[in-house]
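Below is one structure, written out as structure tokens, with a few remarks after it.
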Amino acid sequence: MTTTKALSAIPTAARVSRFTYAIRNIVAEAHRVEAAGTRVRYLNIGDPVAFGFETPRHLVEAVTKALRDGHNAYGPSVGISSAREAVAAEYTSRGFPVSADRVLITAGTSEGIELALSALVEDTSEVLVPMPTYPLYTAVLAKMGARAKYYRLDPSREWAPDLEHLGTLVSPATRVLVIIDPNNPTGASYSNGARRALLDFAESHGLVILADEVYGDLGFHGPVDPMGSLDVDAPIISFSSLSKAYLAPGWRTGWMAFGRSPRLDDALAAVKKLADCRLCSALPMQHAVAPALQGDRSHQSAFRQALKARSDLTMSHLSKIRGIECVAPQAAFYAMPRVALPPGRTDEDYVKALLRETGVLCVYGSGFGLPAGDGFFRIVFLAPLDELAEIYDVMARFTERYLSQ
């Protein structure tokens with residue numbers, strides 16, 4: 001057999017270099033800090049279970065029963081009927097009429113988003129995404145070769161969408177408007193006026209709305225109604241999952257629901273075709289969807305109260321740190337503070353210096369599409385209150401030193 005002395009590396013596809021995923025990429029730096037002997041406080045990933053919040057017992061029992069009852073084969077590519085019917089009933093009860101045949105069960109919301117974008121977008125297409133954004137969207141679009149166009153969220157108006165700026169971005173290539181509400185990474189929840197304006201904008205330009213509503217049950221003052229409840233005939237594809245409000249992120253079980261508009265029929269058929277190619281999402285976990293949506297939700301009230309307490313503590317501490325300002329979150333478990341960076345420094349410089357010196361791990365705002373010089377960074381405030389208070393005290397001392405350099 002012929003061999004070469006100088007073996008070259010196997011080449012990888014160019015598409016891989018077109019995107020990054022800062023939320024997890026920065027963990028490599030955290031591991032180096034840990035290897036050097038520093039304890040790392042992980043405030044980078046929104047996983048409630050990792051911070052001690054427990055998956056509701058009746059959901060665990062539903063999955064356990066499914067496993068023991070032999071539901072371990074392949075399932076329907078669109079999901080089991082009981083789960084799809086429960087999702088449809090949930091949307092319908094909240095003012096967005098959906099039929100079960102327009103619901104798919106997916107491997108988390110992430111898979112649903114990728115299926116939708118793959119069905120709707122060409123490599124020459126443009127998609128309007130919020131800035132800051134959840135980086136999954138830009139990663140998927142970069143992989144596809146399509147173009148993300150960022151519309152501003154305005155921190156001076158509680159991170160409301162900047163509709164004037166949005167209007168400057170539309171072109172003949174624009175296909176989709178992404179709306180994340182309640183919002184990751186800012187913790188914002190939009191007013192009905194802002195939501196109606198987004199619906200009107202999409203309608204006037206013939207755009208499909210991808211409504212990322214994973215945090216809809218985690219508004220601090222109660223659940224947030226789905227976008228589709230404001231216009232039942234709008235071309236909306238809504239996404240949610242068991243990950244956040246039902247405290248089961250590792251189960252990777254989500255859903256996507258197509259509104260009743262016949263304009264979505266071809267998109268629905270295309271998504272179902274793509275779903276066939278990946279066979280199905282994890283079958284045993286699908287058996288928890290109906291119990292989640294139709295059973296006991298008492299954990300959600302307690303969870304919302306816990307999140308509000310953490311948000312209040314976060315705002316109280318951050319407001320006392322010289323050089324840091326922050327818009328108060330209204331939902332979920334994220335805050336997006338801004339530090340007044342010294343000249344020539346970036347958000348990544350600040351976040352990495354904070355990590356290396358103190359072990360506190362956040363995510364820099366440019367990882368969510370914001371300009372690196374603006375000084376934004378995201379905090380996940382799921383840790384216990386006493387630990388959060390300690391972390392913010394550490395952050396305050398570090399920031400005072402950093403800004404005085």
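The chain is numbered in sequence order, starting from 1.
Between E203 and R263, at least one side-chain nitrogen of the basic residue sits less than 4.0 Å from a carboxylate oxygen of the acidic one, meeting the salt-bridge criterion. One finds a salt bridge joining D217 and R94 here, because a Lys/Arg side-chain nitrogen approaches an Asp/Glu carboxylate oxygen to under 4.0 Å. Salt bridge annotation for E164-R157: absent, with no cationic side-chain nitrogen under 4.0 angstrom from a carboxylate oxygen. A salt bridge does not link R252 with E111: every distance from a Lys NZ or Arg NE/NH1/NH2 to an Asp or Glu carboxylate oxygen is 4.0 Å or more. A salt bridge links E29 to R356: at least one charged side-chain nitrogen sits closer than 4.0 Å to a carboxylate oxygen. Ion pairing between D312 and K308 holds under the 4.0 Å rule for side-chain N and carboxylate O. Salt-bridge annotation for K320 and D393: absent, with no side-chain N of the basic residue lying under 4.0 Å from a carboxylate O of the acidic one.
In this structure, the ring of Y334 has its center no less than 6.0 angstrom from the ring center of F381. Checked against the 6.0 Å centroid criterion, the rings of F377 and F368 do not qualify as a close aromatic pair. The aromatic ring centres of Y215 and F333 sit less than 6.0 Å apart.
At a cut-off of 3.5 Å, with distance as the only test, no side-chain donor of Y364 or T346 sits close to an acceptor on the other residue. Of the N and O atoms on the side chains of N184 and R378, at least one donor lies less than 3.5 Å from an acceptor on the other residue.
When all heavy atoms of P342 and Y402 are compared, the pair lying nearest together is CD-CE2, 3.9 Å. Closest of all the heavy-atom pairs between P97 and T92 is CA-OG1, 3.7 Å.
Sorted by first and then second residue, the salt bridge (Lys or Arg N to Asp or Glu O under 4.0 Å) pairs involving residues 38-55 (not counting sequence neighbours) are R39-E387, R41-E387, R41-E390.
Between H205 and F201, the ring-plane angle classifies as tilted under the 30° and 60° cut-offs.
The main-chain N or O of H165 is found under 3.5 Å from a side-chain atom of T168 such that the two form a donor-acceptor pair. The closest donor-acceptor contact from the side chain of D374 to the backbone of F376 lies at 3.5 Å or more, if one exists at all.
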Donor-acceptor list for residues 61-70 side chains, cut-off 3.5 Å, not counting sequence neighbours:
| residue | atom | partner | partner atom | Å |
| --- | --- | --- | --- | --- |
| T64 | OG1 | V60 | O | 2.8 |
| K65 | NZ | D69 | OD2 | 2.6 |

Side-chain polar contacts of residues 228-239 - donor-acceptor pairs under 3.5 angstrom, sequence neighbours left out - could you list them?
| residue | atom | partner | partner atom | Å |
| --- | --- | --- | --- | --- |
| S229 | OG | P226 | O | 2.7 |
| D231 | OD1 | D233 | N | 3.2 |
| D231 | OD1 | A234 | N | 3.4 |
| D233 | OD1 | R260 | NE | 2.8 |
| D233 | OD1 | R260 | NH2 | 3.3 |
| S238 | OG | Y91 | OH | 2.7 |
| S238 | OG | E213 | OE1 | 2.5 |

Q286 and S281: side-chain hydrogen bond (donor to acceptor under 3.5 Å, both in side chains), yes or no, with the steps?
-> CA-CA 8 Å; Q286 294 186 37; S281 62; 3.0 Å; yes
